[in-house]
Amino acid sequence: MPGVEYIHIPVIDGSTAGISHENETDKKAALNNIPELCELYSSIVTDPYSVAQIKKVFEVITANSGKKAVLWHCTEGKDRCGLISALFLAMLDVSKDDIYDDYLFTNKASSKNAIKYSALVFIISASLKNARKIKRVFRAERAYLDSALSAINSKYSDVGSFLKNEIGITDEIKAQMQEKYLQ
């Protein structure tokens, strides 16, 4: 689109079955490679590659002058982007309850895909277990975000320390973002 700058910042190194939705030639084999999402969320905030990429995302967001919009997206908008959004809200000192409400709001948009793809997987695999696995992939669950925040708290003591020491969010940047985005 004219005037739009696209910046590709993959948060996960390589494709992740069920998350990044690359074309798979063997759909049944892909079902066996879907990660445990609590583990995935924990790894995103502790894996050096992913943390470096999150830092790049925040550099783009915080460098925005406010004269243009910034949109971040991923395949479903709940894992990588959901986590970025939760961290962004945490940076703004939004309450934990509001962060969770925002994250779980994703289910309003993802419910149709969750049902559609779980039914499709059931038809293909004749496995209720696989259908449930796929349904969870399309759903935002409190436990996923809990896992990421617990991993941050374990490794960095708290989200503020993570944002400051790993992502580079200074008090000045935080104040600028609060001024720009909070009403």
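Looking at heavy atoms from C-beta onward, L87 lies in side-chain contact with I152 at the 4.5 angstrom threshold. Using a 4.5 Å cut-off on side-chain heavy atoms (C-beta onward), Q176 and T62 make no contact. Side-chain contact between T46 and V51 is absent, with no heavy atoms from C-beta onward closer than 4.5 Å. When side chains are defined from C-beta on, L40 counts as touching I44, because their heavy atoms get closer than 4.5 Å.
In terms of hydrophobic clustering, with Ile, Leu, Val, Met, Phe, Trp and Tyr side chains grouped at heavy-atom distances under 4.5 Å, F138 and L128 are assigned to different clusters.
Between the side chain of Q53 and the backbone N or O of P10, at least one donor-acceptor pair lies under 3.5 Å. Side-chain atoms of K78 do not come within 3.5 Å of backbone N or O of E141 as any donor-acceptor pair. The main-chain N or O of S42 is never found under 3.5 Å from a side-chain atom of S147 such that the two would form a donor-acceptor pair.
Among residues at least two apart or in separate chains, there is no salt bridge (charged side-chain N to carboxylate O under 4.0 Å, His left out) pair with a member in residues 41-58. Among pairs with a residue in residues 153-173, none fulfils salt bridge (charged side-chain N to carboxylate O under 4.0 Å, His left out), at least two apart in sequence or across chains. Sorted by first and then second residue, the salt bridge (charged side-chain N to carboxylate O under 4.0 Å, His left out) pairs with a member in residues 173-183 read D93-K174; sequence neighbours excluded. The ring pair (Phe, Tyr, Trp, His ring centres under 6.0 Å) pairs that include a residue from residues 158-183 are F88-Y181, Y156-F162, where partners are two or more places apart or lie in different chains.
The CG atom of L83 sits 7.5 Å away from atom CG of L149, with the distance rounded to the nearest 0.5 Å.
Under the rule for a side chain to side chain donor-acceptor pair (under 3.5 Å), the partners of S111 that lie at least two apart in sequence or sit in another chain are R139. By the salt bridge (charged side-chain N to carboxylate O under 4.0 Å, His left out) test, E39 is found to be paired with no residue, residues two or more places apart in sequence or in another chain being considered. Every residue two or more places apart in sequence or in another chain that forms a side chain to side chain donor-acceptor pair (under 3.5 Å) with S85 is listed here: W72. Here S157 pairs with S161 under the side-chain contact (heavy atoms from CB on, under 4.5 Å) rule; sequence neighbours left out.
A90 and L163 get closest at one heavy-atom pair: C-CD1, 4.3 Å. Between L145 and A86 the shortest heavy-atom distance is CD1-CB, 3.8 Å. Of all the heavy atoms in A140 and N107, the pair that sits closest is N-OD1, 2.7 Å. N153 and V159 make their closest contact through OD1-N, 3.8 Å (heavy atoms, listed as atom of the first residue, atom of the second, distance).
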When the side chains of residues 114-124 are checked against the rest of the protein, which donor-acceptor pairs come out under 3.5 Å, sequence neighbours left out?
unit_1, atom_1, unit_2, atom_2, d
S118, OG, A114, O, 2.9
S118, OG, I115, O, 3.1

Show me the donor-acceptor pairs, under 3.5 Å and distance only, between side chains in residues 97-105 and residues at least two apart or in other chains.
unit_1, atom_1, unit_2, atom_2, d
D98, OD2, S95, OG, 3.3
Y100, OH, D146, OD1, 2.3
Y103, OH, Y41, OH, 2.8

